[in-house]
Each structure stands twice: as structure tokens, then as C-alpha cells.
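Got a structure here, written out as C-alpha cells. Questions coming.
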Amino acid sequence: MSAAIQETVQPAPVRPSESKRFVERILRVRELALLVVLAVLIVGTELDDHRFLSQQGIKDLLLNAAILVIVATGEATVVITRNVDLSVGSTLGIAAFAAGDYLSGGGNPLVAVLISVLLGAALGLVNGTLVSFGRVPSLVVTLGTLYIIRGVDSIWIGSRSIVASNLPHNFVQVGHGGPFILPYLAIIGVVVLVLVGLFLRSYRSGRELYAIGSSPEAARLAGVATRKRITAAYLFCGALAGLGGALYLARFGNVDSGTGGSYELTVVSAVVVGGVAFTGGSGSVYGAALGAVLLTTINSVLPGLGVNSSWEQAIDGFLLLAAIAVDRLVAVRVANVLRRRNVRHG
Amino acid sequence: MSTPVPGPPVLALRGVGKSFGSVRALQDVSLDLYAGEAHALAGENGAGKSTLIKTLAGVHRPDAGQVLLDGQPVAFAGPGDARDAGVAVIYQEPTLFPDLSVAENIFMGRQPRRPASRLRRIDRRAMHTEAAALFSRLGVTLNPTAPARGLSIADQQMVEIAKALSLNTRVLIMDEPTAALTPGEVNRLFAVATALRKEGAAVLFISHRLEEVFALCQRVTTLRDGRLVASELVADLTPDDLVRRMVGRHLDTLYPKAEAQIGDVALEAERLTREGVFTDVSFQVRRGEIVALAGLIGAGRTEVARAIFGVDRWDAGRVVLGGTDLPAASPTAAMAGGLALVPEDRRAQGLVMDASIERNLGLTRLRTLSHAGLMSRRRERNQAADWALRLRLKYARLSDAVAMLSGGNQQKVVLAKWLATEPKVLIVDEPTRGIDVGTKAEVHRLLSELAGRGLAVLMISSDLPEVLGMADRVLVMHEGRLVAEISRAEATEETVMSAATGQVRV
């Protein structure tokens with residue numbers, strides 16, 4: 001046993017491609033680890049309660065995760081640039097109400113979704129402009145807009161609320177239905193995820209977001225239009241939060257001035273648990289989506305396992321810390337390995 | 001070396017001025033870069049070379065004067081504009097994206113794309129092939145898919161050079177590209193630069209190694225204190241002429257190290273090792289002595305200083321301060337033992353830029369300045385006024401933010417802050433980098449005076465004349481090892497540089 005451990009600890013002879021493989025392995029392990037945790041969780045719950053993996057059970061899980069996946073995808077594009085958007089919860093809430101208000105007056109569902117997305121994009125544009133041109137830390141800016149949007153929301157909505165019975169039937173149907181066990185919401189989520197994933201991986205402007213997060217100064221010197229890109233990332237994140245609002249309305253049908261409150265914390269947790277580094281430049285939207293699914297799953301299995309729902313938040317928090325601790329340990333290890341490997345000419 | 005009659009300059013500066021706050025980095029500087037010609041930019045540290053390069057590269061916009069491209073005035077809105085105009089810059093300190101692959105570092109923003117029928121996605125395979133082709137042209141074996149994080153400084157520099165090569169380069173600007181390279185790598189770089197020049201590119205080259213200037217360049221422009229001294233053909237000059245233009249006075253008067261009584265060993269490092277960073281470093285510094293730690297950028301000098309002071313942990317060896325062993329990784333113990341470290345990057349590590357001069361000066365002495373646990377403003381101010389006088393600090397009010405001072409005066413504040421702790425051993429890392437010649441002389445006078453009063457000084461410096469002028473002994477590091485110890489009498493530009501580049505082990 002100990003001999004085997006010794007074996008693996010010995011530094012292997014260095015070949016040029018090795019460090020790449022090493023780092024890739026670490027990253028893959030990260031997403032793999034999430035999948036394993038997820039699988040254990042699902043199988044374990046299924047063994048305990050056979051209804052969990054029933055058609056309805058799977059459908060519920062997908063429905064619950066879809067909106068979080070969409071908003072976390074947007075958040076991840078911002079976090080990759082070494083920034084953060086804390087206003088996504090407020091944006092989701094106000095966009096959901098705007099769409100609901102319009103639909104209650106007998107509007108077209110497609111236009112309603114468009115209203116949500118555009119409103120979200122506009123709010124994102126404000127965030128992005130303040131962060132990139134005002135040179136104010138994004139944490140502070142978006143904390144400010146979080147409260148401002150929430151405040152406007154309260155003044156505008158007051159004690160009114162949208163109820164499902166006032167919404168068009170086909171709109172509500174989108175929030176619940178879908179072919180076989182696949183809810184429309186999940187389909188939308190996967191489409192958004194794949195498109196954004198493709199953009200971030202295979203397009204110049206997508207790679208520039210990573211470049212900015214990895215080293216803002218180097219990005220500037222490489223001629224990357226950093227302010228423009230950061231503004232665009234916020235705009236996009238806001239638009240997805242707006243889309244999330246419309247889908248929230250379709251799913252729950254019930255929106256008031258408190259909708260989306262503290263949702264940003266769940267979103268940021270999902271992104272970080274999913275391995276998107278808060279220091280920017282690394283991680284993927286797929287990881288963020290896995291984080292979102294994991295958090296959702298945990299929150300939906302806890303009641304089934306007889307765990308008091310009061311524990312949910314504590315467990316989310318624990319997961320977040322565990323994820324960050326793992327990241328930190330991995331980063332230190334990677335740095336050490338690279339440092340040792342890098343002793344040139346002895 | 002024949003010099004063809006040059007056509008109109010590809011890129012030129014006309015009467016350019018640039019100020020940062022109260023510091024005038026460039027004043028009325030003109031420069032002509034011709035196609036097919038290598039042009040050297042000479043000048044001491046702080047002469048304005050970096051600012052000039054950044055102006056050409058579109059990073060800075062000049063306050064006065066013009067940048068001309070093919071004879072037409074241009075205003076580069078940013079580095080991207082300059083790049084698109086064919087200006088490629090290799091900066092002194094590589095600016096890479098650690099999280100991204102080597103190939104992406106080269107092609108960021110210009111990645112090869114698939115045709116429109118394939119949605120113009122990035123063609124990774126083509127990108128990696130092109131990067132590999134660039135590396136084979138440079139004769140280095142770097143893996144294009146490896147992340148840039150963890151590359152050695154020399155390899156990072158090679159990535160920067162490959163980046164410049166990959167552009168349709170009309171003007172290649174190199175800011176001390178050879179500082180971290182081995183002689184073989186330098187030769188290959190020069191071969192590439194010469195090939196580019198013969199293809200009609202203009203080259204602007206900065207180096208402190210005069211022999212490189214004479215080997216590579218046809219024309220040389222000298223700056224001093226942000227002003228143009230001369231622009232002339234290299235063939236008409238001797239190295240001595242060039243040094244005189246750069247310095248403008250004799251070296252001896254610039255670096256006054258007075259003879260001092262050398263006393264007991266104050267600081268000793270014994271076989272100090274931090275894996276992968278530096279190995280087996282042993283030396284002593286005595287009271288009254290100034291010991292210079294010379295070497296190329298990335299040789300591990302700063303890292304040794306950080307380990308001794310306790311900022312980083314060491315893996316093996318020991319440090320003895322005033323006869324007692326220092327515990328590893330404890331700056332508190334180091335300070336209590338009478339050690340002070342003036343770091344390299346004063347803006348990031350030495351000062352709280354937004355705080356006042358007096359507050360910065362008091363930071364190391366919060367305990368002695370306080371009364372029953374509360375800070376005494378009066379003591380703080382008195383101490384600050386005292387030090388400002390002793391160091392001839394130029395300031396408006398002591399309550400002004402440190403950020404408002406010039407670089408040289410900021411450095412004095414950092415020095416004073418640490419001198420106020422009455423250290424027995426002072427480690428200074430690049431004490432005069434980027435400060436004007438006058439202040440530089442004052443810093444040197446101060447260090448010399450302190451040594452005269454029995455302080456042991458370890459001075460890390462990349463400024464060769466400073467090393468030669470100030471040090472009683474010169475220690476030279478190369479790639480993490482101490483490779484030479486040279487006495488004041490034997491220390492010359494040649495002995496130090498050949499040890500620093502790893503050619504000789506003394």
C-alpha cells in the first residue's frame with residue numbers, strides 16, 4: 001500500500017505535453033467529482049424513496065434546476081471576467097413582474113418574454129457600464145443595484161401580486177409541460193447552456209472574457225477591448241436573469257415584490273461550487289450548470305430524507321466552503337507541481 | 001555595416017511630452033524608426049524609455065507632440081490600434097494569461113477561424129500548428145497546448161517573442177528582451193530580429209548590455225531624465241561615448257560609497273533552499289557593509305529576500321540574524337530581530353498609496369507611537385517631520401496622500417518607514433528603480449551613510465553601475481543559485497554580467 005503511494009508521489013519525467021494534461025486532468029476531475037457527488041446523492045435518495053426517480057420525480061428535478069442553470073450560466077460569464085453580478089435576484093424579480101403585469105392585461109406571451117429579457121439586458125447594461133467605466137469594484141456596484149432595483153420593484157409593485165389564473169394558459173403550460181419527461185424549461189436551459197458554452201470556448205470574444213479574467217493588464221496590452229467586453233458580459237448576464245424571470249413567472253405563476261430575494265446567493269454558490277474561480281479566467285458554464293443541478297438536487301432531496309428544511313441553507317453554505325477549500329488546495333498543489341517542474345538547468 | 005539612405009520613417013515621434021502627475025516622464029522627444037533599420041534606445045533606468053515605448057505602442061497617449069505612422073499623424077486609441085498598424089512590442093516583463101494555453105496567449109483576439117460555413121469558430125488545430133511553427137522558427141521546444149502558468153521567465157519571453165513574430169510586423173519593439181535569456185536564446189532572438197529587419201521591418205531595441213546594442217543596431221537614440229540627448233549612427237560612436245551620453249557625468253561621482261568599518265556578521269544565510277525557486281544559497285553580511293545581490297530578472301534574488309524576511313517559507317537551510325536563528329516564515333520575528341525589508345514594488349508592497357505621508361511613515365512603529373493603546377497624532381506627525389527633514393523629502397503637506405509624491409520621494413518614504421524601526425540589517429530590493437537621477441544619488445548617499453554607522457545592508461539591484469559603485473562585495477545569482485562572490489576590487493561590468501548570465505562560475 002505505502003509502496004504504491006510512493007510510486008505516485010515520485011515526479012514523473014517531464015514531457016512537454018505533461019503539464020497540460022496534468023492541469024486538464026485536475027479540471028476534469030473537478031467536474032467529474034461534481035457528477036459523482038450528484039450520482040451518489042440521486043442513487044442514495046432513490047434507494048430510500050423509490051418515487052424519486054419516477055417520471056414525475058425526474059421532471060420535478062429538471063424543472064427545479066432549469067431556471068437556476070440559466071441564471072448561473074449568465075453569472076458564470078461575468079465571474080470568468082473576474083467580476084460578479086449580485087443584482088441577478090432583483091433583476092429576475094422585476095423582470096418576472098413586468099412580464100406578468102403585461103400578460104395580466106392580455107398580452108402576447110412571446111412579447112412578454114421579450115420584455116423580461118430586454119429589461120434584464122438594460123439593467124445589465126447599467127451594471128456593466130458602472131463597473132467598466134466607473135472603475136468601481138463590481139461587488140459594490142452590483143450590491144448597490146441589487147438594492148436599487150429591489151427598491152424600485154417595491155415602489156412599483158406595492159402590495160400587488162400576479163397570480164397564475166390571470167396568465168394565458170399556453171404561457172403557464174410552458175412552465176410545466178414538455179414532451180415525455182423533458183420539461184420545456186429544461187430544454188430552454190440546455191439550449192442556452194450549450195450556446196453559451198460554445199461561445200465561450202470557440203469564439204474570439206468568448207476567449208477574450210477568459211483573457212480579461214486571467215490578467216486584466218495583459219488583456220489590455222494585447223489589445224482586448226476590456227471595458228466593452230465586461231459591459232457585454234453584464235448585459236448578457238442581465239438578459240439571462242430577465243429570461244429567468246419570465247420562466248419563473250411561467251413556472252410559479254405567483255410574483256410579488258419579494259420574488260427573487262436573495263436568489264443571487266444561490267446563483268453565486270452554484271457558480272462557485274461548479275468550479276468557476278472567483279479570481280477569474282478559469283472554469284466553464286458546464287461546471288456552473290452542474291453546480292446548479294447539484295444545489296437544486298440537494299434542496300429537493302433533503303425533505304425526502306427527513307432532514308428539516310431549516311438545514312438547507314446551512315448545507316448549501318457548507319458545500320460552498322467545501323468547494324472553495326478544494327479549489328484552494330488544488331491551486332496550491334498545481335502551483336507546487338509547476339514550480340518544482342520548472343527548475344530549469346538544475 | 002552599410003547604412004542605406006533611409007526613406008521616410010515608418011513610425012516617428014515629434015516633440016512628444018508625457019507627464020504622470022507631477023513627474024514629467026518625457027519632454028519634447030522626437031524619434032524616427034526607419035524600415036530595415038535596427039534602432040537602439042539608450043538611457044538609464046528612469047530615463048523615460050518605457051514611457052516612450054508605451055507611447056509608440058498605443059498604451060499612453062502623449063500630452064504634447066505627435067505620433068506619425070508613414071508620415072501621417074495617428075492617434076492610437078489603444079494597444080489594439082497600434083497592433084493593427086503593425087507595431088509589435090515585447091515588454092520587459094512578460095504579460096501573459098496564466099490560465100490560458102501558450103497558443104492562445106500568442107493569438108488572443110486573432111485566433112485562426114474556420115470558414116463561415118463552419119460558423120467561424122476558432123480553429124484550435126490550426127492555432128496549435130501555427131504556434132508550433134513559430135516555436136520551431138525560434139528553435140524552442142514549447143508545447144502550444146500547455147498553460148502559460150508555471151513557465152519560466154525565459155519561456156514566457158519566448159511566448160512574447162512568438163506573439164510579436166506572428167503579427168504582420170512592420171515595427172518590432174523589444175524592451176530588454178534578453179535580460180532573462182541564455183546566450184543561445186539571445187543569439188536566436190537576434191537572428192530572428194535581423195531576419196525581420198532585412199525583410200523591411202523597423203526594429204527598436206532596448207538593452208543595458210552595450211555590446212548587444214553595438215552588435216545589432218545601426219542607429220541609437222539616447223534619453224536622459226525624459227529628454228532627448230542625441231540620435232546618431234552607431235558606427236560613429238564608441239561604447240564610452242554612449243555611456244557618457246546616458247549618464248551625463250562621471251560614474252564615480254554618482255555612487256559615493258564611503259569606506260566604513262566592517263564589523264561582525266549581522267546576517268547569515270546558510271544553505272537556504274526553497275524548492276524550485278532557489279537552491280543552496282549561503283552568504284554573510286557584516287555590520288558596516290553593503291553587499292549587492294546581482295543577477296538577471298527571475299534569478300531568484302527577490303525570492304531569497306522574501307524568504308529571509310519570512311514572507312515566504314524556506315524548505316531547507318537556516319538564517320542567522322545577529323547570532324540567533326530566525327524561525328521560518330515569521331516577519332514578526334524578523335522585525336523584532338532588527339531586520340527591515342524595503343520591497344521591490346513600492347506601490348504595491350511598500351506603501352499605502354491613498355494614506356498620508358505621516359501615516360505611511362508611522363506604520364512600522366504603531367506601538368511606539370501609541371499611548372495607552374491609542375495612536376498619538378502628535379507623535380506621528382513629529383516623527384514624520386523629523387524623517388522628512390533627514391531624507392530631504394519634497395512634499396507639500398505631511399497630510400497629503402503618498403500617491404501625490406514623485407517616485408523618488410515615495411521611495412524615500414518607504415526607506416524612512418523602515419529606518420524608523422532602527423534596524424540592524426536592511427534589505428533593499430531595487431532601491432532606485434524608476435526614480436530620477438538626483439533622488440537616486442540621495443538614496444545612495446543615505447545607504448552609504450547608514451552603512452557608515454554600522455548598519456548591514458543587502459542591496460538587490462539590476463542596475464549594474466549602482467552595484468559596482470555601491471557594493472563592498474557583489475553576490476551574483478543565476479537561475480536560483482548563488483554562482484559568484486566578487487570583491488569590490490574585482491567587480492566589473494564584465495565579471496558580474498558573465499556570472500549573471502551563467503557563463504562563468506566563480
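Worth knowing before you read on, the calculation uses all heavy atoms, side chains too, and leaves out hydrogens, waters and symmetry mates. Convention: sequence-line order gives letters A, B, ...; per-chain numbering from 1. A quick note: this is a predicted structure, and the numbers were derived from the prediction, not measured.
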Quiz item: Hey, what do you get for CG (B/Asp123) to OG (A/Ser202), rounding to the nearest 0.5 Å?
Solution: 10.0 Å
Quiz prompt | Side chain, backbone, both or neither of B/Phe107 within contact of chain A (heavy atoms, under 4.5 Å) | solution = neither
Quiz item: Considering only heavy atoms, which portion of B/Arg124 lies under 4.5 Å from any heavy atom of chain A: side chain, backbone, both, or neither?
Solution: side chain
Quiz item: Which atom pair, heavy atoms only, marks the closest approach of B/Ile122 to A/Arg201?
Solution: CD1-O, 4.4 Å
Quiz item: Can you say whether A/Glu217 sits under 4.5 Å from chain B via the side chain, the backbone, both, or neither, judging by heavy atoms?
Solution: neither
Exercise. Give a yes or no answer on whether the side chain of A/Ser214 reaches the backbone of B/Asp99 with a donor-acceptor pair at less than 3.5 Å.
Key: yes
Exercise. Kindly give the heavy-atom pair with the smallest separation between A/Ser215 and B/Leu96, and that separation in Å.
Key: CB-O, 3.6 Å
Self-check item: Exercise: identify the closest heavy-atom pair between B/Gln111 and A/Arg204
Solution: O-NH2, 2.6 Å
Practice problem: Work out which heavy atom in B/Met108 is nearest to a heavy atom in A/Ala211; give both atom names and the distance. | Solution: CE-CB, 3.6 Å
Quiz item: Among residues 126-142 of chain A, which ones touch chain B with a heavy-atom distance under 4.5 Å?
Solution: none
Quiz item: Looking at A/Gly280, A/Gly223, A/Ala277, which makes the most heavy-atom pairs under 4.5 Å with chain B?
Solution: A/Gly223
Self-check item: CG-CZ distance between A/Leu221 and B/Arg83, expressed to the nearest 0.5 angstrom
Solution: 11.0 Å
Quiz prompt | Heavy-atom closest pair, residues A/Tyr203 and B/Arg121 | solution = OH-CG, 3.3 Å
Self-check item: Which atom of B/Thr95 lies closest to which atom of A/Ala218, heavy atoms considered
Solution: O-CB, 3.5 Å
